[in-house]
Amino acid sequence: MKISYQWLNEWVDLSAVTGVKEGPVALAELLTARGLEVESIHKLAEGLDKVVTVRILERAKHPEADRLSICKVTTGIGELMEIVCGAQNMKAGDIVCLAQIGAVLPNGMKIEKSKIRGVVSNGMLCSETELGFKDQSDGILVMPENTPLGWKLADVLGLDDTVFEIKLTANRGDCLSHRGMAREIAAALSKPLKPPKVAPLDFKNSPIAIELEAGEDAPQFFGCYISNVKVGPSPKWLKQRLESIGQRSINNLVDVGNFLMFEYGFPVHIYDADKLEGGVIKVRRSKAGEKLLLLDGQTIETTGEELVIADGKKPVGLAGVMGGGNSEVSDSTKNVFLECAEFNPTLVRRAAFRFSRRSEASLRFEKGVDPAGHRDAIARLSDLVIKVASTDKSIAEMKGSTFKQLPSRASFKARQIQTTTDFIDGFLGTDIEAAKMVDIFKRLDCGVEISGNKLVVTSPTYRLDLNIREDLAEEVARTIGYDAIPTTIPVLTGMPSPKLGDTTAHRLKTIDRMKDAFAESGMNEIVAYSFQSEAWLKKFGFESSVKVLNPLSEEQAAMVPSLLPGLMGAYLENQRHHFGSSPLAVRLFEIRPVFEKVGDIKAAGASPLGGEMETGVRETWKISFLISGPRYDQAMKQDLGEVDFYDLKSVVEDVFESVGTKGVRMRAADSALLAGNGGTSNLAQLFHPGQTVQMTAGKEALGFFGRIHPKLEGELKLRNTVYWGELTLDPVIALTPQKEKSFKAWSPFPTMERDFALLVEQSVTSESLVQSALKHGKPIAKVVKIFDTYKGAHIPEGKISIGVRVIFSEETKSLEEKQVDQCSELIVKKWAEEFGATLR
Amino acid sequence: MNDIQSQIISRGQTTLADISKTNTLSDLEQIRVSVLGKKGTLSEALKTLGTVPAEERPKIGALANEWKAKIEGALETKKSELEAKEIEASLGKTKIDVSLPGRRPHMGALHPITQTIKKVSEVLGRIGFDVTVGPEAETDFLNFEAANIPKDHPARDMQDTFFLGPGVVLRSHTTAVQMRAMRGKTWPIRILCPGAVYRADNDATHSPMFHQIEGLWVDKKVSMSDLKGVLGFFAKELFGADAKIRLRPSYFAFVEPGAEVDVSCAICAGRNPKCSVCKGTGWLEILGAGMVHPRLFEYAGYKSDEISGFAFGMGVERIAMLLHDIPDLRLMFQGDQRFLKQLR
């Protein structure tokens with residue numbers, strides 16, 4: 001919202017504001033400190049101090065350039081100046097604006113003495129764009145013939161004002177006007193408000209009657225009939241006020257309505273009274289399907305919910321939002337009817353949203369206007385209309401006025417709030433004298449009664465935000481200044497909550513440790529958007545069951561059912577900006593929720609403790625990870641290598657070991673397993689069926705990881721083979737004990753080792769050999785490791801040689817050679833029986 | 001002196017001379033074997049000991065041992081000398097270019113968002129806050145109504161919200177987590193709620209998904225001065241011992257009074273009118289705060305006349321951007337490793 005310093009100064013004496021800093025700057029600080037944040041200060045004359053009015057005496061073509069001309073200009077005294085100009089719309093005799101050498105225009109352009117195609121130009125003739133008046137303009141600005149010469153442009157235009165851009169909070173609808181802002185300033189400075197003198201209307205003889213047909217949704221309506229108006233351009237003062245706050249001047253009547261809104265904060269409407277039929281104006285709910293032509297020339301169809309203004313025959317306005325095109329003021333208007341009414345803020349807001357017509361008026365209705373201020377506002381408006389719509393020959397005249405109020409408004413009482421000085425002090429942590437508190441409330445236009453520490457405060461009718469004792473505490477805090485509140489540290493009552501045994505704390509700690517472990521394995525954490533485009537998800541065979549109903553774009557429309565598409569997006573982002581032939585290592589992980597529809601996605605009513613906690617959306621946290629490219633961050637070519645399945649496997653194993661997860665199993669995931677029940681799963685699209693494992697915990701499937709399916713790799717045009725996977729987080733946390741890890745003693749006696757080179761069918765997994773040896777080698781075969789695999793020369797087709805090392809030990813005594821030999825024999829025998837393994 | 005004696009002496013002297021001339025360990029070993037070995041010359045010489053009279057044998061034996069020891073000593077000395085030379089020689093051959101880069105495993109990094117949440121949780125954990133979390137898909141009721149923002153309330157404009165279904169939103173702040181926490185247990189409450197939140201906004205300073213940390217402290221006799229104390233402590237811990245805070249009145253529906261909180265600019269301390277960080281104001285807006293609105297206590301099932309509380313909320317990305325001089329919010333969500341690796 002824009003607020004003019006000069007306009008404010010009419011309402012409250014601002015001379016007291018100026019101190020160390022000049023008035024506008026000091027005022028901005030004062031307002032911000034009171035919660036009325038000044039976002040920017042704009043001096044209207046800024047950038048125009050070296051722009052003066054000059055007359056063009058001669059215009060000649062530039063000898064070297066067809067499109068340029070050389071103008072000889074004068075300020076009326078002194079020498080003529082030569083200016084090179086590229087515009088075509090000026091002629092000798094025109095009065096134009098010259099930016100002199102040294103000017104810095106509002107758009108930042110610096111004017112210097114320069115040679116243009118060999119001719120010296122002593123400044124620049126300005127367009128409205130260059131002067132900051134318009135975003136676009138044709139040619140230079142030509143001033144009216146009666147413009148004085150040699151004046152500063154700012155003085156010619158009366159641009160001596162400063163305008164503030166105020167970022168008003170949603171609760172302070174009462175400050176959406178110059179009067180409202182002035183009230184705050186008056187309270188802060190302990191100065192009186194200087195409202196304009198307005199004669200009250202005596203509400204009689206209105207040729208148009210008012211009917212309230214919407215009950216409490218439109219509880220009051222004030223009208224005033226003025227005849228013999230003359231529609232025309234606004235007087236200079238009115239134009240200047242509106243233009244200073246960025247409003248375009250239209251005509252005297254439209255302008256005066258706007259002026260009242262920006263002055264008093266009351267949105268009003270002015271009808272051409274001769275276009276109102278039936279001698280009546282009413283406010284009612286619309287009927288579904290009514291056609292209403294609006295001021296902007298478009299016709300809307302009402303839904304039956306919004307409030308409309310109607311005359312005896314037809315709707316003539318969308319209440320609180322926009323007037324009707326069938327009753328608007330035109331150049332030929334002679335008689336007008338003024339409206340100042342109250343409408344239900346919610347209905348106005350919904351209507352404004354529904355028809356995409358949020359306006360300055362609807363904004364004010366939404367935030368609520370003073371329910372006791374309409375009488376004043378209509379009187380002020382009527383004064384203003386008579387003032388601006390009269391000419392020397394024809395005087396506008398108030399014919400009559402009228403109003404209707406429901407009992408709720410006729411007997412409206414200002415709100416009383418009870419509290420104590422002790423409450424306010426305790427709540428703020430302050431120690432303020434009672435008399436000072438009383439003074440604060442009085443300055444804020446409140447009624448105050450005090451007895452002992454008890455306070456009864458009557459809030460002004462326009463302060464719709466003052467309702468409870470905490471609101472009063474805020475008014476005190478705002479007035480003394482937040483800086484004046486002391487600084488303390490709150491007392492810790494009771495013991496801090498124990499972390500051990502707290503499942504939330506354990507879960508968060510495990511996530512933290514897991515992230516650390518991934519980072520230690522050289523993985524970079526990403527955060528991808530939880531919404532992606534459906535098309536992108538589809539590339540991976542995913543379909544989102546949870547949609548954003550009002551996405552910013554299709555790119556962000558589907559809540560992700562998996563983190564893998566986002567992870568691949570990040571991979572491609574890295575690939576996209578990787579140039580040259582040096583190898584690209586990408587190592588990413590993400591731990592975040594995915595979204596799934598598990599019921600109706602709608603809240604089951606807002607009743608307390610009812611279904612309001614349920615959303616129908618299940619969030620399942622996933623751990624996802626991806627690696628590709630060289631094995632080292634930095635190494636010579638021969639050492640660099642390229643990651644494969646086993647690199648990813650060790651990352652996963654390291655992470656689980658690091659966080660202490662127990663009982664996670666892996667098994668090879670072939671096509672059938674990946675395809676899931678009845679081939680419904682898209683995992684077969686994502687993973688290579690020969691290089692992927694499923695992770696399980698008991699009967700629960702945690703997820704898969706492995707090599708990307710070559711088909712997908714090709715489709716995505718990946719530079720390197722990607723190894724990736726996704727696991728469900730919470731079952732992993734369930735397998736991660738809260739208990740600290742315990743020390744386990746090792747045998748003090750020496751271990752013995754036996755190495756075996758086994759020849760087996762390629763279908764035999766090394767893990768099954770290990771498990772068999774551990775089982776049959778009990779109790780002395782403690783550790784079984786695979787240390788070598790070999791296929792190729794000397795190995796029959798279809799077979800593989802596997803090197804297995806068994807480490808034997810006993811806790812209580814030294815092993816004997818014989819024991820180990822016997823155990824080894826048994827293991828070898830079982831390998832032969834179970835897997836057809838032979839020793840090489 | 002008999003033959004054997006002179007033989008021992010002359011062989012011995014020859015051997016010593018040979019040793020001193022030897023240049024390789026293998027030659028040296030050959031000498032050792034040829035002299036001291038089972039069939040070595042010295043051994044061979046001693047084999048003829050039987051031919052000398054018995055009374056001379058001890059003398060000859062002593063002489064032989066003396067020479068044996070001399071030779072062994074010379075061999076040992078020469079051996080270490082040659083070994084040292086050999087190592088010396090190998091050093092040159094195994095010289096490498098130490099200026100080549102090291103063989104470096106990959107080092108990963110936590111996302112700046114995670115790092116910042118950790119940092120803030122640690123700082124506030126010191127004065128008694130516990131971390132708690134909640135769902136990102138929330139009911140309209142918990143996200144808005146229970147935060148004192150009823151339907152059609154103008155405050156909803158501040159938060160353009162994404163809807164997933166009627167009455168179901170992507171939470172626009174983490175305030176619902178506070179409500180869930182209060183409904184789950186009685187006061188005192190001292191919690192931090194970090195997490196992703198969503199608003200329909202997208203440019204260099206707004207992201208449709210971003211992160212917040214909200215804090216809530218509810219107890220008997222909690223005052224606004226306590227809020228100032230906690231935030232002052234927080235600012236000093238995070239931005240340095242010289243950091244100051246400033247509270248300005250503001251409005252958030254779920255608090256009353258409400259405040260915007262600024263921290264003093266650590267870059268220019270307000271001295272540089274052209275400071276690119278604080279734009280010359282000397283202050284940086286870092287969070288919103290206030291005293292918990294009594295309506296929230298009613299929704300939580302608490303008696304609002306027994307207790308009071310304060311709450312504050314900050315944008316995690318905003319804090320991270322200030323701490324690390326990150327110019328563009330969008331970098332946070334692109335997964336670009338050039339960004340991620342810098343801030344580990």
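Naming: A, B, ... by sequence-line order, numbering from 1 per chain.
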Portion of A:Arg592 that has a non-hydrogen atom of chain B nearer than 4.5 angstrom = side chain
query = So what's closer than 4.5 Å to chain A heavy atoms on B:Leu170: side chain, backbone, both or neither?
reply = side chain
query = Measuring heavy-atom distances to chain A, does B:Asn202 have an atom under 4.5 Å in its side chain, in its backbone, in both, or in neither?
reply = both
message = Please classify the contact between A:Leu36 and chain B as side chain, backbone, both or neither, with a heavy-atom cut-off of under 4.5 Å.
response = neither
Side chains of residues 329-337 of chain B: which donor-acceptor pairs under 3.5 Å do they make with residues two or more places apart or in other chains?
residue  : atom : partner  : partner atom : Å
B:Arg330 : NE   : B:Asp328 : OD1          : 3.3
B:Arg330 : NE   : B:Asp328 : OD2          : 3.4
B:Arg330 : NH2  : B:Asp328 : OD2          : 3.2
B:Asp336 : OD1  : A:His577 : NE2          : 3.1
B:Asp336 : OD1  : B:Arg338 : N            : 2.9
B:Asp336 : OD1  : B:Arg338 : NE           : 3.2
B:Asp336 : OD2  : A:His577 : NE2          : 3.0
B:Asp336 : OD2  : B:Arg338 : NE           : 3.3
B:Asp336 : OD2  : B:Arg338 : NH2          : 2.8
B:Gln337 : OE1  : A:Asn524 : ND2          : 3.0
B:Gln337 : OE1  : A:Arg587 : N            : 2.9
B:Gln337 : NE2  : A:Ala585 : O            : 2.8

Per-residue contact mode, B:Pro208 against chain A (heavy atom under 4.5 angstrom) = both
inquiry  = At a 4.5 Å cut-off on heavy atoms, which part of B:Leu247 comes close to chain A: side chain, backbone, both, or neither?
reply    = both
note = Under 4.5 Å to a heavy atom of chain B? For A:Phe589 that would be side chain
message = Quick check on the interface: out of A:Asp483, A:Thr504, A:Thr493, A:Leu508, who has the most heavy-atom pairs with chain B under 4.5 Å?
response = A:Thr493
task = Could you give me the CA-CA distance, side-chain angles and deciding distance for A:Asp633 and B:Met107, then say whether side chain to side chain contact (heavy atoms under 4.5 Å, CB included) is met?
result = CA-CA 8 Å; A:Asp633 182 34; B:Met107 292 218 296; over 6 Å; no
key: Engaged part of A:Phe518 at the chain B interface, taking heavy atoms whose separation is under 4.5 Å   = neither
note = Taking every heavy atom of A:Ala473 against every heavy atom of B:Pro257, the minimum-distance pair comes out as C-CG, 4.4 Å
note = So, the part of A:Asp639 with a heavy atom under 4.5 Å from chain B: the answer is side chain
key: Atom group of A:Asn574 that falls short of 4.5 Å from chain B, counting heavy atoms   = side chain
query = Checking B:Ala259 against chain A: side chain, backbone, both or neither under 4.5 Å from a heavy atom?
reply = both
ask   = Where do B:Arg103 and A:Ala635 come nearest, in terms of heavy atoms and distance?
value = CG-CB, 3.7 Å
key: Presence of salt bridge, A:Glu29 and B:Arg248, under 4.0 angstrom   = no
key: chain A contact via B:Tyr198 - side chain, backbone, both or neither, heavy atoms under 4.5 Å   = side chain
message = Give me the atom names and distance for the closest heavy-atom approach of B:Gly258 to A:Glu474.
response = N-OE2, 3.2 Å
task = Sort out for me which of B:Ser225, B:Gly232, B:Gly229 touches chain A most, counting heavy-atom pairs under 4.5 Å.
result = B:Ser225
remark   = When every non-hydrogen atom of A:Thr169 is compared with those of B:Ser250, the smallest separation belongs to CG2-OG, 3.8 Å
Non-hydrogen atoms of B:Glu136 and A:Pro593 that approach each other most closely = OE2-CG, 3.5 Å
ask   = Between A:Pro551 and chain B, which part of the residue has a heavy atom less than 4.5 Å away: side chain, backbone, both or neither?
value = backbone
ask   = Nearest heavy-atom pair of A:Val491 and B:Trp217: which atoms, and what distance?
value = O-CZ2, 3.7 Å
key: Results of ring pair (Phe, Tyr, Trp, His ring centres under 6.0 Å) for B:Phe234 - residues two or more places apart only   = none
A:Glu470 versus chain B, the contacting section by heavy-atom distance below 4.5 Å = both
message = Heavy-atom cut-off 4.5 Å, strictly under: side chain, backbone, both or neither for B:Phe129 against chain A?
response = neither
A:Asp516, part contacting chain B, at a heavy-atom distance under 4.5 Å = both
